[in-house]
Structure formats: C-alpha cells, structure tokens
Amino acid sequence: MLQLFFCCLALLFCLVKPDPDPLQDYCVADTKTPPSVFTNGVLCINPNLAFASHFKTSVLSKPGRTSGNPFGFNVTLTSTTNLPGINTLGLTMARADIAANGLVPPHSHPRASEVTICLQGNLLVGFVDTSSRLYTQQLRPGESFVFPQGLIHFLFNLDSMHSALVLSGLSSQNPGTQLTSIATFVSKPGIPDEILRKAFGINGQDVAKIRKNLGG
Ligand SMILES: *[C@@H]1O[C@H](CO)[C@@H](O)[C@H](O)[C@H]1NC(C)=O
C-alpha cells in the first residue's frame with residue numbers, strides 16, 4: 001500500500017513541469033502582430049526569418065533606477081518582447097539592483113523556481129516553506145541561492161553604503177510575481193478591512209496606516 005503511494009507520488013512529480021516543452025527548436029516571438037487569438041505563449045515568426053539577434057538582449061546590461069522605488073529596488077526582466085527567441089523555452093532572466101539597505105520585499109513567483117547569483121554586494125536572502133520554516137543565507141559576490149517555486153522569499157542588502165546586484169534565472173517564460181504586502185493590503189479593489197483586522201490581529205487604524213505606507 002505504502003509502496004503504491006510512493007509510486008504514485010513519484011509518477012506525479014515526474015509529470016510536474018514548469019512550462020510546456022517546445023515542439024520545435026525555437027519559436028521566435030512575433031512581437032509585431034497584435035494578438036487577436038491568445039495562445040499558451042506568443043505566436044512564432046516563420047523559422048526561416050529568425051536571426052541570431054532574436055536570441056540576444058542588452059536589457060540586463062543597464063542598472064535599473066532604484067531611487068523611485070519605496071523599497072529601494074528595481075528589477076529588469078527578459079521577456080518575449082525584449083528577447084523574442086526566449087518564447088516557449090520556459091526561461092526568464094532577471095536583474096535586480098538593490099540600493100544600500102534596500103529590500104526586495106517578501107514575494108512569490110507562482111509559476112517558477114528561481115536561482116539567483118550575487119554579482120555585487122552583501123545580501124541576506126531567504127524563503128519560508130509551507131510549514132512556515134525560514135531558510136536564510138548571506139550571499140557574497142559569486143554565491144548563489146535557490147528559491148523553490150511558489151514560496152515567499154526576499155532579498156535584503158545588508159550594506160548601508162553600497163548598492164547590490166543580483167542576476168536570477170526563473171524556470172518559466174511567465175513566472176508571475178506577487179508582492180505579499182501589496183497583494184494583501186493594496187489590492188484593487190481592496191480586501192475588506194474587517195478581514196485584514198482579523199487576519200493580522202490589528203485595528204482599523206493599523207489597516208489604514210499600512211495601506212497608506214504601501215502607497216494605497
Ligand atoms: C527601473 O529602472 C528603469 C531604468 O532606469 C526605469 O525606467 C524605471 O522607471 C525604474 N522602475 C521603477 C519602479 O523605479
């Protein structure tokens with residue numbers, strides 16, 4: 001009985017894949033034609049019209065401006081628009097610039113695991129698993145950390161003088177990002193106050209204050 005259970009479990013895990021596999025070598029995204037039908041991914045151009053340049057992007061070469069962000073971070077992502085060759089490959093790359101003592105606040109990617117490498121700075125990174133156990137590590141340049149799919153994680157720049165830079169790879173073409181605090185307190189429309197009061201054990205003023213602090 002137990003063996004059967006583990007067999008089923010193993011089978012299930014084999015079937016769990018980040019994104020569907022491509023049926024062709026590549027499917028360079030057609031970024032010109034506005035979609036009238038929606039597919040799982042973006043429509044491809046004729047493979048004969050593909051160029052090497054479709055597989056290159058410079059978007060990650062420039063730092064993002066962190067000054068306009070209340071948490072002090074700026075994330076730049078590859079997409080089928082700025083890197084058409086990535087369509088259907090199940091990958092996204094991200095560059096995060098994090099100001100001195102800046103924070104990429106707790107967030108999750110519903111469709112991707114993430115591997116991050118610290119290129120510059122001194123970071124405290126971590127995630128919380130579904131049993132609410134926290135896993136944290138300090139990252140120095142050249143060191144990497146993985147955030148399992150869907151779990152809430154954060155990156156904090158411990159350095160109060162210098163900015164930090166990380167590069168991440170994500171296992172989906174469309175990882176999705178949900179900032180925990182924003183999704184909870186400044187969704188549109190908002191979650192009713194009573195629910196937030198009960199959920200966090202706070203009063204109406206606290207709810208209003210947190211909403212205001214988060215720009216809601
Ligand atoms: C991130 O940086 C880019 C490039 O400097 C800038 O255009 C963009 O407005 C920044 N985003 C935020 C949220 O500040």
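Computed over heavy atoms, backbone and side chain alike; hydrogens, waters and symmetry mates excluded. Counting convention: from 1, in listed order, for ligands and their atoms alike. Keep in mind that what you see is a predicted model, and the values were worked out from it rather than measured.
Listed as neighbours of ligand 1 are Gly64, Arg65, Asn74, each bearing a heavy atom under 4.0 Å from the ligand.
For residues 97-106, every residue pair satisfying the salt bridge (Lys or Arg N to Asp or Glu O under 4.0 Å) rule, not counting sequence neighbours, is listed here: Arg95-Asp97. Identified under the salt bridge (Lys or Arg N to Asp or Glu O under 4.0 Å) test for residues 49-68, with sequence neighbours left out: none.
With Arg197 contributing its side chain and Asn203 its backbone, the two residues share no donor-acceptor pair below 3.5 Å.
Judged purely by distance below 3.5 Å, without hydrogens or angles, the side chains of Ser172 and Asp19 pair a donor atom with an acceptor atom. In this structure, a donor-acceptor pair under 3.5 Å is present between the side chains of His109 and Thr177.
For the side-chain hydrogen bond (donor to acceptor under 3.5 Å, both in side chains) test, residues two or more places apart in sequence or in another chain that qualify with Ser168 are Glu114, Thr116.
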